[in-house]
Amino acid sequence: MRRTVFNEDHEAFRETLRAFIEAEVVPVYDEWFTAGQAPRDFYYKLGELGIFGINVPEEFGGAGLDSHKFEAVLYEETARAGVQFGGSGVHVLLALPYIKMLATDEQKKRYLPKFVTGEEMWAIAMTEPGTGSDLAGMKSTAKLSEDGTHYVLNGAKTFITGGVHADRVIVCARTAAPTAEDRRHGISLFAVDTKSEGYSIGRKLDKLGLRTSDTAELAFVDVKVPVEDLLGEENKGFYYLGHNLASERWGIAFGAYAQAKAAVRFAKQYVQERTVFGKPVAHFQNTKFELAACQAEVDAAEAVADRATEALDAGELTPAEAASAKLFCTEVAHRVIDRCLQLHGGYGYMNEYPIARLYADNRVNRIYGGTSEIMKSIIAKDMGL
């Protein structure tokens with residue numbers, strides 16, 4: 001069926017991006033995979049390509065667009081090639097909305113030009129050891145100094161994607177104690193310079209999938225954060241975090257759909273080339289039926305992902321709709337990728353085949369950004385249950 005979500009500009013971007021991936025990423029991707037991260041200078045190339053500035057206002061060096069459709073193309077093309085762009089997804093999808101929403105004009109002048117070029121890579125630090133999805137339970141603190149010039153940050157964070165290469169990290173910390181009525185009260189957001197004294201990177205975490213994205217533990221010991229780096233108002237951080245969850249969950253949903261689509265492509269190519277019992281694997285009825293069923297699921301996920309994209313661009317994607325899209329697309333991707341790996345037989349378990357890496361990369365989609373169980377709770381609440 002014909003898609004209407006993309007126009008000629010998006011398709012021209014797709015061609016440019018596909019050529020870039022083939023020239024700059026595919027030849028060295030195995031090296032990144034082994035190293036467990038993309039090299040820092042790769043992000044400068046993404047900056048030169050314009051990836052980081054698409055949704056940044058022109059006055060700060062960006063393209064000034066207000067659309068997630070170019071990000072959608074990026075998800076499709078990286079999945080199609082079986083690659084990842086390191087931790088750069090957090091830089092654009094997660095960090096940028098907070099800068100645009102909360103930063104003052106003075107802060108935007110300091111932050112955004114370097115954001116666009118890749119000179120300053122950003123990450124966001126919410127999760128803490130022992131708290132998981134319970135952000136209201138965070139223990140990190142930021143106390144205002146007596147002279148009012150800076151905050152003193154102490155605490156620890158974990159599962160911070162982009163944390164190794166980050167130059168600035170949006171850190172969530174308590175500036176006030178929770179109240180009896182609202183345990184979410186008292187959280188604030190800070191744009192912390194990673195070169196600050198007392199800021200340290202702990203382990204680079206050894207993950208099952210997304211091997212080329214640097215994910216780390218962070219620690220803060222009496223880190224001085226200038227008051228000029230407070231994002232938004234004190235104690236309203238939890239509200240700010242909730243405001244951007246819809247776009248984050250859209251990104252996970254669309255990325256999962258793109259992975260499922262790529263899995264069918266990989267499996268189709270494999271079964272047409274692989275011969276068993278003197279015939280191509282694609283010749284057998286079971287193969288045809290399995291791939292046909294997978295394609296039908298991908299078609300449905302594409303429709304859901306495209307609808308969510310249009311709603312997000314129109315500013316109409318509700319939290320429940322985003323949760324529904326994430327739940328559906330990630331569950332479809334789980335089923336489809338597993339079945340496509342099965343069609344590869346033993347080779348599907350080897351990391352030299354993209355389906356194996358895709359299988360591992362996809363698994364986290366049902367966990368981060370809110371687990372599938374959390375998504376069901378949000379949807380049920382919206383249903384009045």
Side-chain angles (χ1 to χ4, degrees), residues 1-6 11 14 18 21 26 72-73 75-84 208-210 249-310 321 323-367 371-373 375-376 379:
M1 58 189 74
R2 187 173 66 89
R3 299 176 79 185
T4 58
V5 68
F6 299 125
E11 296 305 330
R14 186 188 302 280
R18 187 173 296 183
I21 291 172
V26 172
V73 172
Y75 285 126
E76 290 187 334
E77 290 304 308
T78 51
R80 179 184 181 276
V83 301
Q84 296 280 337
L208 170 67
L210 301 178
R249 287 167 179 163
W250 163 83
I252 297 169
F254 203 99
Y257 140 71
Q259 289 176 325
K261 182 177 181 179
V264 173
R265 176 175 178 266
F266 296 145
K268 179 182 175 183
Q269 181 180 4
Y270 179 82
V271 300
Q272 288 175 329
E273 297 174 352
R274 172 71 167 158
T275 299
V276 295
F277 304 117
K279 298 177 181 179
V281 176
H283 176 81
F284 296 95
Q285 186 181 64
N286 179 69
T287 303
K288 296 176 182 179
F289 281 7
E290 283 292 284
L291 281 177
C294 287
Q295 183 62 54
E297 290 214 74
V298 169
D299 286 344
E302 180 179 89
V304 169
D306 285 355
R307 185 181 70 174
T309 302
E310 295 285 18
E321 289 169 344
S324 179
K326 180 182 185 295
L327 177 66
F328 183 78
C329 291
T330 57
E331 294 293 337
V332 164
H334 163 64
R335 293 191 297 270
V336 167
I337 295 171
D338 183 75
R339 292 161 82 176
C340 288
L341 187 151
Q342 187 74 15
L343 289 172
H344 282 71
Y347 289 105
Y349 205 64
M350 302 297 112
N351 274 326
E352 64 186 278
Y353 282 80
I355 192 69
R357 298 180 183 184
L358 194 58
Y359 184 88
D361 290 349
N362 169 74
R363 186 57 184 89
V364 75
N365 289 332
R366 292 182 288 149
I367 299 174
T371 64
S372 291
E373 291 73 24
M375 298 303 100
K376 291 174 184 177
I379 297 165

Using the six-membered ring wherever Trp is involved, compare the ring planes of Y347 and Y270 and label them parallel, tilted or perpendicular (cut-offs 30° and 60°). tilted
Fit a plane to each ring of F254 and W250, take the angle between them on a 0 to 90° scale, and name the class: parallel (under 30°), tilted (30 to 60°) or perpendicular (over 60°). tilted
Testing the basics here: between G348 and A356, what is the closest heavy-atom pair and its distance to 0.1 Å? O-CB, 3.2 Å
Can Q342 and D338 be counted as having a side-chain donor-acceptor contact under 3.5 angstrom? no
Which atoms form the tightest heavy-atom contact between A260 and V336, and what is the distance? O-CG1, 3.7 Å
Do N351 and R357 come close enough that some side-chain heavy atom pair is under 4.5 Å? yes
Quick one: list whatever passes salt bridge (charged side-chain N to carboxylate O under 4.0 Å, His left out) with R265, sequence neighbours left out. none
Any idea which heavy atoms bring A301 and C329 closest together, and the distance? O-SG, 3.8 Å
Taking all non-hydrogen atoms of both residues, which atom of F6 and which atom of V73 are closest, and how far apart? CE2-CG2, 3.7 Å
Is the backbone of N365 close enough, under 3.5 Å, to the side chain of K326 for a donor and an acceptor to pair up by distance? yes
Do other residues, nucleotides or ligands put more than 12 heavy atoms under 6.0 Å from Y359 OH? no
Close side-chain approach of K268 to Q295, heavy-atom, < 4.5 Å: no
Got a second to check how far L358's CG is from C340's SG, nearest 0.5 Å? 9.0 Å
How long is the straight-line distance from OH of Y257 back to CD of E76, given to the nearest 0.5 Å? 4.0 Å
Throw together a table of side-chain donor-acceptor distances under 3.5 angstrom for residues 275-291, partners on residues two or more places apart or in other chains.
| unit_1 | atom_1 | unit_2 | atom_2 | d |
| --- | --- | --- | --- | --- |
| T287 | OG1 | V281 | O | 2.8 |
| E290 | OE1 | R339 | NE | 3.3 |
| E290 | OE2 | R339 | NH2 | 3.4 |

Closest non-hydrogen atoms of I355 and F266, given as atom of the first, atom of the second and distance, are N-CD1, 4.4 Å
For D361 and V364, work out which heavy atoms get closest and say how close. O-CG1, 3.6 Å
R307 atom CZ, neighbour heavy-atom count above 12 within 6.0 Å: no
Separation of R363 CZ from L208 CG (nearest 0.5 Å): 9.0 Å
Using 0.5 Å steps for rounding, measure from the NZ atom of K376 to the CD1 atom of I379. 9.0 Å
Can you sort out the partners of E11 under salt bridge (charged side-chain N to carboxylate O under 4.0 Å, His left out), two or more places apart, ordered by chain and number? R14
Can you find a side-chain donor-acceptor pair between Q259 and Y75 that sits under 3.5 Å? no
If you round to the nearest 0.5 Å, how far is NZ of K261 from CD of E302? 5.0 Å
